[in-house]
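Written below as C-alpha coordinates is the structure these notes are about.
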Protein chains: 2
Amino acid sequence: MIRVILVDDERLVRSGLRMILDSAEDVEVVGEAGDGAEAVELAARVEPDVALLDIRMPGTDGLTAAAALADLPRPPKVVLLTTFDLDEYVHRALRAGAVGFLLKDTPPRDLIAAVRTIAEGNAMLAPSITKRMLERFAASGTGAAAAAAQRLSVLSERERDVLVAVAKGMSNAEAGRGLGMREATVKAHVSSILAKLGLSNRVQAAILAHDAGWA
Amino acid sequence: MIRVILVDDERLVRSGLRMILDSAEDVEVVGEAGDGAEAVELAARVEPDVALLDIRMPGTDGLTAAAALADLPRPPKVVLLTTFDLDEYVHRALRAGAVGFLLKDTPPRDLIAAVRTIAEGNAMLAPSITKRMLERFAASGTGAAAAAAQRLSVLSERERDVLVAVAKGMSNAEAGRGLGMREATVKAHVSSILAKLGLSNRVQAAILAHDAGWA
DNA sequence: CGGGGCCGCCCCGGCTGGCGGCGGCCCGTG
DNA sequence: CACGGGCCGCCGCCAGCCGGGGCGGCCCCG
(Lines give C-alpha, C1' and ligand atoms only; values in the text may rest on other atoms or scores of the structure.)
Protein backbone atom coordinates (compact mmCIF):
# COMPACT_ATOMS: atom_id res chain seq x y z
CA MET A 1 0.00 0.00 0.00
CA ILE A 2 1.39 3.39 -1.02
CA ARG A 3 0.88 5.96 1.75
CA VAL A 4 0.37 9.52 0.48
CA ILE A 5 -0.17 12.93 2.06
CA LEU A 6 -1.76 15.88 0.24
CA VAL A 7 -0.67 19.47 0.78
CA ASP A 8 -2.63 22.34 -0.75
CA ASP A 9 -4.17 25.45 0.72
CA GLU A 10 -7.46 24.86 -1.05
CA ARG A 11 -9.60 22.23 0.60
CA LEU A 12 -11.42 21.59 -2.64
CA VAL A 13 -8.23 20.66 -4.46
CA ARG A 14 -7.28 18.27 -1.68
CA SER A 15 -10.68 16.64 -1.85
CA GLY A 16 -10.39 16.20 -5.58
CA LEU A 17 -6.95 14.64 -5.30
CA ARG A 18 -8.10 12.39 -2.48
CA MET A 19 -11.00 11.16 -4.54
CA ILE A 20 -8.75 10.38 -7.47
CA LEU A 21 -6.11 8.59 -5.39
CA ASP A 22 -8.58 6.68 -3.24
CA SER A 23 -9.95 5.15 -6.42
CA ALA A 24 -6.70 3.21 -6.70
CA GLU A 25 -6.62 0.11 -4.52
CA ASP A 26 -2.91 0.32 -3.77
CA VAL A 27 -2.89 3.98 -2.75
CA GLU A 28 -3.97 5.34 0.62
CA VAL A 29 -4.22 9.04 1.53
CA VAL A 30 -3.02 9.15 5.12
CA GLY A 31 -3.17 12.86 5.79
CA GLU A 32 -3.78 16.40 4.51
CA ALA A 33 -2.15 19.73 5.27
CA GLY A 34 -2.96 23.30 4.27
CA ASP A 35 0.53 24.78 4.16
CA GLY A 36 4.18 23.84 4.20
CA ALA A 37 4.74 24.00 7.95
CA GLU A 38 1.78 21.73 8.62
CA ALA A 39 3.03 19.42 5.92
CA VAL A 40 6.41 18.91 7.59
CA GLU A 41 4.79 18.28 10.96
CA LEU A 42 2.34 15.86 9.38
CA ALA A 43 5.01 13.99 7.44
CA ALA A 44 7.15 13.61 10.55
CA ARG A 45 4.20 12.00 12.33
CA VAL A 46 2.72 9.69 9.70
CA GLU A 47 5.88 8.98 7.65
CA PRO A 48 4.22 8.75 4.23
CA ASP A 49 5.84 7.23 1.16
CA VAL A 50 4.89 10.12 -1.09
CA ALA A 51 4.04 13.79 -0.48
CA LEU A 52 2.05 15.74 -3.07
CA LEU A 53 2.75 19.46 -2.59
CA ASP A 54 1.24 22.49 -4.20
CA ILE A 55 3.86 25.11 -4.88
CA ARG A 56 1.87 28.27 -4.25
CA MET A 57 0.61 28.32 -0.69
CA PRO A 58 0.27 31.05 1.93
CA GLY A 59 2.96 30.83 4.63
CA THR A 60 5.55 28.16 3.96
CA ASP A 61 5.36 27.39 0.25
CA GLY A 62 5.82 24.01 -1.41
CA LEU A 63 9.44 24.52 -2.44
CA THR A 64 10.53 25.45 1.05
CA ALA A 65 8.55 22.56 2.45
CA ALA A 66 10.20 20.17 -0.03
CA ALA A 67 13.63 21.07 1.31
CA ALA A 68 12.43 20.65 4.89
CA LEU A 69 10.87 17.27 4.11
CA ALA A 70 14.18 16.06 2.71
CA ASP A 71 15.74 16.58 6.12
CA LEU A 72 13.31 14.29 7.94
CA PRO A 73 14.71 11.04 9.31
CA ARG A 74 12.53 9.04 6.93
CA PRO A 75 11.88 11.52 4.11
CA PRO A 76 8.94 10.98 1.76
CA LYS A 77 9.34 11.12 -2.01
CA VAL A 78 8.30 14.66 -2.89
CA VAL A 79 6.11 15.50 -5.87
CA LEU A 80 5.29 19.11 -6.66
CA LEU A 81 2.01 20.03 -8.25
CA THR A 82 1.40 23.33 -9.95
CA THR A 83 -0.71 25.04 -12.54
CA PHE A 84 2.20 26.66 -14.35
CA ASP A 85 5.43 24.95 -15.29
CA LEU A 86 7.73 27.91 -14.81
CA ASP A 87 11.37 26.97 -15.28
CA GLU A 88 12.39 28.68 -12.13
CA TYR A 89 10.04 26.56 -10.03
CA VAL A 90 11.24 23.38 -11.65
CA HIS A 91 14.87 24.18 -10.96
CA ARG A 92 14.32 25.01 -7.34
CA ALA A 93 12.13 21.97 -6.86
CA LEU A 94 14.63 19.53 -8.28
CA ARG A 95 17.43 21.17 -6.38
CA ALA A 96 15.37 20.64 -3.24
CA GLY A 97 15.31 16.93 -3.96
CA ALA A 98 11.88 16.55 -5.54
CA VAL A 99 11.47 13.46 -7.70
CA GLY A 100 8.28 14.53 -9.41
CA PHE A 101 6.80 17.64 -10.97
CA LEU A 102 3.29 17.50 -12.36
CA LEU A 103 0.80 19.98 -13.73
CA LYS A 104 -2.66 20.25 -12.26
CA ASP A 105 -4.23 19.37 -15.58
CA THR A 106 -2.75 15.87 -15.40
CA PRO A 107 -5.46 13.28 -16.12
CA PRO A 108 -6.51 11.23 -13.03
CA ARG A 109 -5.20 8.02 -14.55
CA ASP A 110 -1.78 9.55 -15.12
CA LEU A 111 -1.69 10.98 -11.62
CA ILE A 112 -2.19 7.56 -10.10
CA ALA A 113 0.42 6.09 -12.43
CA ALA A 114 2.82 8.82 -11.42
CA VAL A 115 2.33 8.10 -7.73
CA ARG A 116 3.08 4.44 -8.35
CA THR A 117 6.17 5.28 -10.37
CA ILE A 118 7.45 7.59 -7.67
CA ALA A 119 6.78 5.05 -4.93
CA GLU A 120 8.92 2.55 -6.82
CA GLY A 121 11.85 4.92 -6.49
CA ASN A 122 11.72 6.36 -9.98
CA ALA A 123 10.96 9.87 -11.14
CA MET A 124 8.12 11.45 -13.05
CA LEU A 125 7.92 14.80 -14.78
CA ALA A 126 5.15 16.39 -16.77
CA PRO A 127 5.88 15.80 -20.49
CA SER A 128 6.31 19.48 -21.26
CA ILE A 129 8.89 19.75 -18.49
CA THR A 130 10.68 16.65 -19.66
CA LYS A 131 10.99 18.25 -23.06
CA ARG A 132 12.55 21.41 -21.74
CA MET A 133 14.93 19.43 -19.56
CA LEU A 134 16.05 17.45 -22.58
CA GLU A 135 16.67 20.60 -24.55
CA ARG A 136 18.74 22.00 -21.76
CA PHE A 137 20.49 18.69 -21.38
CA ALA A 138 21.34 18.35 -25.05
CA ALA A 139 22.45 21.95 -25.32
CA SER A 140 24.68 22.28 -22.32
CA GLY A 141 27.20 20.41 -20.33
CA THR A 142 27.45 17.06 -22.02
CA GLY A 143 30.63 17.90 -23.88
CA ALA A 144 33.14 16.50 -21.44
CA ALA A 145 30.91 13.57 -20.60
CA ALA A 146 30.56 12.65 -24.25
CA ALA A 147 34.30 12.86 -24.83
CA ALA A 148 34.93 10.67 -21.80
CA ALA A 149 32.31 8.17 -22.93
CA GLN A 150 33.97 8.05 -26.33
CA ARG A 151 37.35 7.13 -24.85
CA LEU A 152 35.74 4.52 -22.65
CA SER A 153 34.11 2.81 -25.61
CA VAL A 154 37.22 0.69 -26.24
CA LEU A 155 36.68 -1.22 -23.01
CA SER A 156 35.21 -4.70 -22.92
CA GLU A 157 32.07 -5.55 -21.00
CA ARG A 158 33.86 -6.90 -17.94
CA GLU A 159 36.31 -4.03 -17.95
CA ARG A 160 33.41 -1.61 -17.77
CA ASP A 161 32.06 -3.42 -14.73
CA VAL A 162 35.42 -3.20 -13.05
CA LEU A 163 35.85 0.45 -13.91
CA VAL A 164 32.48 1.33 -12.41
CA ALA A 165 33.52 -0.37 -9.19
CA VAL A 166 36.85 1.44 -9.18
CA ALA A 167 35.10 4.74 -9.82
CA LYS A 168 32.98 4.13 -6.74
CA GLY A 169 36.15 4.02 -4.69
CA MET A 170 36.22 0.29 -4.12
CA SER A 171 39.45 -1.64 -3.60
CA ASN A 172 40.23 -4.49 -5.96
CA ALA A 173 39.15 -7.00 -3.32
CA GLU A 174 35.81 -5.23 -2.80
CA ALA A 175 35.21 -5.03 -6.52
CA GLY A 176 35.98 -8.73 -6.79
CA ARG A 177 33.38 -9.57 -4.16
CA GLY A 178 30.84 -7.34 -5.84
CA LEU A 179 31.43 -8.78 -9.30
CA GLY A 180 32.03 -12.39 -8.32
CA MET A 181 35.63 -12.68 -9.40
CA ARG A 182 39.02 -13.05 -7.75
CA GLU A 183 40.97 -10.02 -6.73
CA ALA A 184 43.74 -11.15 -9.07
CA THR A 185 41.27 -10.99 -11.94
CA VAL A 186 40.10 -7.54 -10.99
CA LYS A 187 43.71 -6.41 -10.98
CA ALA A 188 44.23 -7.82 -14.44
CA HIS A 189 41.20 -5.94 -15.70
CA VAL A 190 42.38 -2.74 -14.10
CA SER A 191 45.76 -3.15 -15.76
CA SER A 192 44.05 -3.68 -19.08
CA ILE A 193 41.89 -0.59 -18.56
CA LEU A 194 44.91 1.55 -17.79
CA ALA A 195 46.75 0.24 -20.82
CA LYS A 196 43.82 0.80 -23.18
CA LEU A 197 43.18 4.32 -21.95
CA GLY A 198 46.84 5.30 -21.68
CA LEU A 199 46.59 6.09 -17.97
CA SER A 200 49.04 5.38 -15.17
CA ASN A 201 46.88 4.74 -12.13
CA ARG A 202 43.35 3.98 -10.99
CA VAL A 203 42.58 7.49 -9.82
CA GLN A 204 42.79 8.83 -13.36
CA ALA A 205 40.54 6.03 -14.57
CA ALA A 206 38.04 6.72 -11.80
CA ILE A 207 37.83 10.39 -12.70
CA LEU A 208 37.38 9.60 -16.38
CA ALA A 209 34.55 7.23 -15.54
CA HIS A 210 33.08 9.82 -13.22
CA ASP A 211 33.09 12.41 -16.01
CA ALA A 212 31.32 9.97 -18.28
CA GLY A 213 28.59 9.62 -15.68
CA TRP A 214 29.34 5.98 -14.88
CA ALA A 215 29.29 6.58 -11.14
CA MET B 1 -3.87 10.62 -37.07
CA ILE B 2 -0.35 10.05 -35.77
CA ARG B 3 1.87 8.47 -38.43
CA VAL B 4 4.57 6.17 -37.02
CA ILE B 5 7.40 4.06 -38.44
CA LEU B 6 8.96 1.10 -36.62
CA VAL B 7 12.67 0.26 -36.85
CA ASP B 8 14.00 -2.97 -35.36
CA ASP B 9 16.08 -5.77 -36.79
CA GLU B 10 13.73 -8.39 -35.38
CA ARG B 11 10.55 -8.79 -37.37
CA LEU B 12 8.78 -10.22 -34.33
CA VAL B 13 9.43 -7.10 -32.30
CA ARG B 14 8.09 -4.92 -35.09
CA SER B 15 4.96 -7.03 -35.33
CA GLY B 16 4.38 -6.74 -31.60
CA LEU B 17 4.78 -2.99 -31.68
CA ARG B 18 2.53 -2.69 -34.70
CA MET B 19 -0.17 -4.68 -32.99
CA ILE B 20 0.02 -2.48 -29.91
CA LEU B 21 -0.01 0.78 -31.82
CA ASP B 22 -2.71 -0.27 -34.29
CA SER B 23 -5.00 -0.86 -31.33
CA ALA B 24 -5.06 2.91 -30.85
CA GLU B 25 -7.50 4.65 -33.18
CA ASP B 26 -5.40 7.77 -33.56
CA VAL B 27 -2.13 5.98 -34.41
CA GLU B 28 -1.19 4.53 -37.78
CA VAL B 29 1.96 2.52 -38.51
CA VAL B 30 3.01 3.67 -41.97
CA GLY B 31 6.19 1.69 -42.43
CA GLU B 32 8.79 -0.67 -41.01
CA ALA B 33 12.56 -0.94 -41.43
CA GLY B 34 15.13 -3.49 -40.30
CA ASP B 35 18.15 -1.26 -39.80
CA GLY B 36 19.15 2.37 -39.56
CA ALA B 37 19.92 2.93 -43.22
CA GLU B 38 16.56 1.58 -44.31
CA ALA B 39 14.93 3.71 -41.64
CA VAL B 40 16.35 6.94 -43.02
CA GLU B 41 15.31 6.05 -46.55
CA LEU B 42 11.83 5.08 -45.35
CA ALA B 43 11.39 8.22 -43.29
CA ALA B 44 12.44 10.40 -46.21
CA ARG B 45 9.72 8.77 -48.33
CA VAL B 46 6.76 8.54 -45.97
CA GLU B 47 7.54 11.49 -43.68
CA PRO B 48 6.18 10.04 -40.44
CA ASP B 49 5.40 12.06 -37.34
CA VAL B 50 7.20 9.67 -35.02
CA ALA B 51 10.00 7.11 -35.48
CA LEU B 52 10.45 4.27 -33.00
CA LEU B 53 14.04 3.03 -33.20
CA ASP B 54 15.76 0.09 -31.56
CA ILE B 55 19.28 1.01 -30.50
CA ARG B 56 21.05 -2.28 -31.10
CA MET B 57 20.82 -3.21 -34.74
CA PRO B 58 23.22 -4.73 -37.25
CA GLY B 59 24.63 -2.17 -39.67
CA THR B 60 23.55 1.38 -38.91
CA ASP B 61 22.43 1.39 -35.30
CA GLY B 62 19.62 3.41 -33.81
CA LEU B 63 21.78 6.20 -32.42
CA THR B 64 23.44 6.84 -35.74
CA ALA B 65 20.08 6.69 -37.48
CA ALA B 66 18.61 9.18 -35.00
CA ALA B 67 21.24 11.73 -36.00
CA ALA B 68 20.60 11.10 -39.69
CA LEU B 69 16.84 11.42 -39.24
CA ALA B 70 17.31 14.82 -37.62
CA ASP B 71 18.86 16.04 -40.86
CA LEU B 72 15.86 15.21 -43.01
CA PRO B 73 13.87 18.13 -44.47
CA ARG B 74 10.84 17.14 -42.38
CA PRO B 75 12.38 15.22 -39.48
CA PRO B 76 10.22 12.84 -37.44
CA LYS B 77 10.20 12.94 -33.65
CA VAL B 78 12.64 10.22 -32.67
CA VAL B 79 12.02 7.76 -29.85
CA LEU B 80 14.66 5.19 -28.94
CA LEU B 81 13.70 1.83 -27.61
CA THR B 82 16.10 -0.44 -25.79
CA THR B 83 16.32 -3.25 -23.29
CA PHE B 84 18.98 -1.63 -21.13
CA ASP B 85 19.03 1.97 -20.01
CA LEU B 86 22.79 2.50 -20.11
CA ASP B 87 23.69 6.08 -19.37
CA GLU B 88 25.99 6.19 -22.35
CA TYR B 89 23.15 5.35 -24.72
CA VAL B 90 20.87 7.94 -23.19
CA HIS B 91 23.47 10.66 -23.51
CA ARG B 92 24.19 9.94 -27.13
CA ALA B 93 20.52 9.61 -27.93
CA LEU B 94 19.54 12.93 -26.43
CA ARG B 95 22.44 14.68 -28.07
CA ALA B 96 21.29 13.21 -31.37
CA GLY B 97 18.00 15.02 -30.85
CA ALA B 98 15.82 12.19 -29.60
CA VAL B 99 12.75 13.31 -27.65
CA GLY B 100 11.95 9.92 -26.17
CA PHE B 101 13.78 7.03 -24.59
CA LEU B 102 11.79 4.00 -23.53
CA LEU B 103 12.58 0.54 -22.26
CA LYS B 104 11.22 -2.51 -24.02
CA ASP B 105 9.35 -3.57 -20.92
CA THR B 106 7.09 -0.53 -21.16
CA PRO B 107 3.43 -1.61 -20.86
CA PRO B 108 1.41 -1.29 -24.13
CA ARG B 109 -0.85 1.36 -22.64
CA ASP B 110 2.13 3.50 -21.71
CA LEU B 111 3.72 3.04 -25.09
CA ILE B 112 0.64 4.42 -26.83
CA ALA B 113 0.46 7.28 -24.35
CA ALA B 114 4.13 8.02 -25.00
CA VAL B 115 3.58 8.17 -28.75
CA ARG B 116 0.73 10.62 -28.26
CA THR B 117 2.82 12.74 -25.91
CA ILE B 118 5.68 12.82 -28.38
CA ALA B 119 3.42 13.67 -31.29
CA GLU B 120 2.15 16.67 -29.36
CA GLY B 121 5.66 18.03 -29.28
CA ASN B 122 6.54 16.98 -25.75
CA ALA B 123 9.08 14.50 -24.47
CA MET B 124 8.88 11.15 -22.74
CA LEU B 125 11.52 9.19 -20.86
CA ALA B 126 11.33 5.90 -19.03
CA PRO B 127 10.83 6.62 -15.32
CA SER B 128 14.17 5.10 -14.31
CA ILE B 129 15.93 7.35 -16.79
CA THR B 130 14.02 10.40 -15.62
CA LYS B 131 15.24 9.65 -12.14
CA ARG B 132 18.87 9.49 -13.14
CA MET B 133 18.53 12.66 -15.16
CA LEU B 134 17.12 14.43 -12.16
CA GLU B 135 19.95 13.21 -9.97
CA ARG B 136 22.44 14.46 -12.48
CA PHE B 137 20.53 17.70 -12.77
CA ALA B 138 20.42 18.29 -9.04
CA ALA B 139 24.10 17.42 -8.79
CA SER B 140 25.13 19.54 -11.76
CA GLY B 141 24.03 22.69 -10.05
CA THR B 142 26.15 23.67 -7.11
CA GLY B 143 24.23 21.22 -4.96
CA ALA B 144 26.70 18.38 -4.73
CA ALA B 145 29.63 20.67 -5.31
CA ALA B 146 28.63 22.78 -2.33
CA ALA B 147 28.16 19.71 -0.15
CA ALA B 148 31.56 18.40 -1.22
CA ALA B 149 33.21 21.78 -0.60
CA GLN B 150 31.62 21.81 2.84
CA ARG B 151 33.15 18.48 3.75
CA LEU B 152 36.53 19.57 2.41
CA SER B 153 36.55 22.68 4.58
CA VAL B 154 38.09 20.77 7.49
CA LEU B 155 41.33 20.31 5.58
CA SER B 156 44.42 22.40 6.25
CA GLU B 157 46.11 24.48 3.58
CA ARG B 158 48.78 21.92 2.82
CA GLU B 159 46.29 19.08 2.80
CA ARG B 160 44.27 20.93 0.16
CA ASP B 161 47.37 21.21 -2.02
CA VAL B 162 47.96 17.49 -1.68
CA LEU B 163 44.33 16.62 -2.40
CA VAL B 164 44.34 18.68 -5.58
CA ALA B 165 47.40 16.78 -6.74
CA VAL B 166 45.79 13.45 -5.88
CA ALA B 167 42.60 14.48 -7.69
CA LYS B 168 44.67 15.11 -10.82
CA GLY B 169 45.75 11.48 -10.72
CA MET B 170 49.31 12.07 -9.50
CA SER B 171 51.18 9.50 -7.45
CA ASN B 172 52.49 10.54 -4.04
CA ALA B 173 55.99 10.91 -5.47
CA GLU B 174 54.77 13.16 -8.29
CA ALA B 175 52.76 15.27 -5.89
CA GLY B 176 55.84 15.57 -3.67
CA ARG B 177 57.92 16.86 -6.57
CA GLY B 178 55.19 19.30 -7.57
CA LEU B 179 54.71 20.64 -4.05
CA GLY B 180 58.32 20.57 -2.91
CA MET B 181 57.99 17.96 -0.18
CA ARG B 182 59.10 14.40 0.40
CA GLU B 183 56.92 11.54 -0.74
CA ALA B 184 56.74 10.40 2.87
CA THR B 185 55.22 13.75 3.78
CA VAL B 186 52.68 13.56 1.00
CA LYS B 187 51.66 10.15 2.26
CA ALA B 188 51.18 11.51 5.75
CA HIS B 189 48.97 14.28 4.40
CA VAL B 190 46.93 11.80 2.38
CA SER B 191 46.44 9.69 5.48
CA SER B 192 45.30 12.76 7.37
CA ILE B 193 42.90 13.68 4.57
CA LEU B 194 41.36 10.22 4.56
CA ALA B 195 40.99 10.26 8.33
CA LYS B 196 39.38 13.70 8.40
CA LEU B 197 36.93 12.87 5.62
CA GLY B 198 36.16 9.37 6.81
CA LEU B 199 37.30 7.76 3.56
CA SER B 200 39.26 4.59 2.98
CA ASN B 201 41.36 5.30 -0.09
CA ARG B 202 42.60 8.03 -2.37
CA VAL B 203 40.13 7.33 -5.16
CA GLN B 204 37.23 8.37 -2.97
CA ALA B 205 39.10 11.51 -1.97
CA ALA B 206 39.87 12.31 -5.60
CA ILE B 207 36.22 12.00 -6.60
CA LEU B 208 35.13 14.20 -3.72
CA ALA B 209 37.63 16.86 -4.74
CA HIS B 210 36.51 16.49 -8.33
CA ASP B 211 32.87 17.06 -7.33
CA ALA B 212 33.90 20.18 -5.45
CA GLY B 213 35.48 21.50 -8.63
CA TRP B 214 39.04 21.34 -7.31
CA ALA B 215 40.35 19.62 -10.40
C1' DC C 1 55.28 26.89 30.32
C1' DG C 2 52.09 23.28 28.72
C1' DG C 3 49.06 21.90 25.15
C1' DG C 4 47.15 21.62 20.60
C1' DG C 5 47.39 22.01 15.62
C1' DC C 6 50.14 21.73 11.55
C1' DC C 7 54.05 20.21 9.06
C1' DG C 8 57.74 17.11 7.99
C1' DC C 9 59.82 12.45 8.26
C1' DC C 10 60.59 7.11 8.87
C1' DC C 11 59.13 2.07 9.26
C1' DC C 12 55.95 -1.67 8.20
C1' DG C 13 51.97 -4.52 6.38
C1' DG C 14 48.84 -4.68 2.72
C1' DC C 15 47.28 -3.22 -1.68
C1' DT C 16 48.22 -1.93 -6.36
C1' DG C 17 50.08 -2.44 -10.98
C1' DG C 18 53.09 -5.06 -14.47
C1' DC C 19 54.09 -9.50 -16.47
C1' DG C 20 53.44 -14.03 -17.94
C1' DG C 21 50.33 -17.80 -18.71
C1' DC C 22 45.96 -20.64 -19.18
C1' DG C 23 41.47 -22.00 -21.44
C1' DG C 24 37.39 -20.67 -24.24
C1' DC C 25 35.14 -18.22 -28.02
C1' DC C 26 34.80 -16.24 -32.60
C1' DC C 27 36.28 -15.81 -37.22
C1' DG C 28 38.96 -15.81 -41.35
C1' DT C 29 41.86 -19.06 -44.02
C1' DG C 30 43.81 -22.93 -46.14
C1' DC D 1 36.60 -29.26 -41.61
C1' DA D 2 40.77 -28.29 -39.21
C1' DC D 3 43.55 -24.90 -37.57
C1' DG D 4 45.62 -20.89 -36.30
C1' DG D 5 45.32 -16.12 -34.64
C1' DG D 6 43.07 -12.61 -31.90
C1' DC D 7 40.27 -11.22 -28.13
C1' DC D 8 38.33 -11.99 -23.79
C1' DG D 9 38.02 -13.52 -19.09
C1' DC D 10 40.63 -15.61 -15.50
C1' DC D 11 44.62 -16.49 -12.41
C1' DG D 12 49.56 -16.48 -9.86
C1' DC D 13 53.97 -14.12 -8.94
C1' DC D 14 56.75 -10.06 -7.81
C1' DA D 15 58.43 -5.24 -7.31
C1' DG D 16 56.79 -1.01 -5.93
C1' DC D 17 53.32 2.14 -4.20
C1' DC D 18 49.84 3.17 -0.85
C1' DG D 19 47.83 3.68 3.90
C1' DG D 20 48.52 3.36 9.11
C1' DG D 21 51.13 4.38 13.17
C1' DG D 22 54.60 6.73 15.51
C1' DC D 23 58.07 10.60 16.30
C1' DG D 24 60.07 15.23 16.40
C1' DG D 25 60.04 20.37 15.36
C1' DC D 26 57.52 24.67 14.77
C1' DC D 27 54.08 28.13 15.83
C1' DC D 28 50.23 29.99 18.26
C1' DC D 29 47.37 30.55 22.21
C1' DG D 30 45.81 29.96 26.75
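The figures that follow rest on heavy atoms only: side chains count, while hydrogens, waters and symmetry mates do not. Per chain, numbering begins at 1; letters A, B, ... match sequence-line order.
The side chain of Ser156(A) contributes an N or O atom lying less than 4.0 Å from OP1 or OP2 of dG9(D). Distances shown here put every side-chain N or O of Asn172(A) at or beyond 4.0 Å from the OP1 or OP2 atom of dC15(C).
A salt bridge does not link Arg116(B) to Glu120(B): none of the charged side-chain nitrogens sits closer than 4.0 Å to a carboxylate oxygen. Salt bridge annotation for Glu47(B)-Arg3(B): absent, with no cationic side-chain nitrogen under 4.0 angstrom from a carboxylate oxygen. For Asp8(B) and Arg56(B), the salt-bridge test fails: no basic side-chain N is under 4.0 Å from an acidic carboxylate O. Checked for salt-bridge contact, Asp9(B) and Arg14(B) miss the test: no charged N lies under 4.0 Å from a carboxylate O.
A donor-acceptor pair shorter than 3.5 Å can be found between the side chains of Ser156(A) and Glu159(A). Side-chain N/O atoms of His189(A) and Asp161(A) include no donor and acceptor closer than 3.5 Å.
Distance, Asn201(A) CG to dG16(D) P: 17 Å, rounded to whole Å. Atom pair Glu159(A):CD and dG9(D):P shows a separation of 6 Å (rounding to whole Å applied). Residue Lys196(B) contributes atom NZ, which lies 17 Å from atom C1' of dG19(D) at whole-angstrom precision. For Met170(A) and dT16(C), the CE to P distance is 13 Å, given to the nearest whole Å. Regarding Arg202(A), its CZ atom lies at a distance of 12 Å from the C1' atom of dC17(D), rounded to whole Å. Between the CD atom of Glu157(A) and the P atom of dG24(C) there is a distance of 22 Å, given to the nearest Å. The distance between atom CD of Gln204(B) and atom P of dC18(D), rounded to the nearest whole Å, is 16 Å. Counting to the nearest Å, the C1' atom of dG19(D) and the CG atom of Leu163(B) are 15 Å from each other.
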Just the atom pairs and distances: protein N or O near nucleotides 8-10 of chain C's N or O, under 3.5 Å.
residue: dG8(C); atom: OP2; partner: His189(B); partner atom: NE2; Å: 3.2
residue: dC9(C); atom: OP2; partner: Arg182(B); partner atom: N; Å: 3.0
residue: dC9(C); atom: OP2; partner: Thr185(B); partner atom: OG1; Å: 2.6

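Using a 4.5 Å heavy-atom threshold, the side chains of Met181(A) and Val186(A) count as touching.
Here Ser171(A) lies in heavy-atom contact (under 4.0 Å) with sugar-phosphate atoms only.
Applying the 6.0 Å contact sphere to NZ of Lys168(B) captures no more than 12 heavy atoms from other residues, nucleotides or ligands.
Each of Leu163(A), Val166(A), Leu199(A) was compared with Ile193(A) under the side-chain contact (heavy atoms from CB on, under 4.5 Å) criterion, and only Leu163(A) meets it.
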Task: Dot-bracket encoding of pairs in DNA chain D, which uses [ ] for pseudoknotted crossings and | for another strand, Watson-Crick or G-U under 3.5 angstrom - done: ||||||||||||||||||||||||||||||

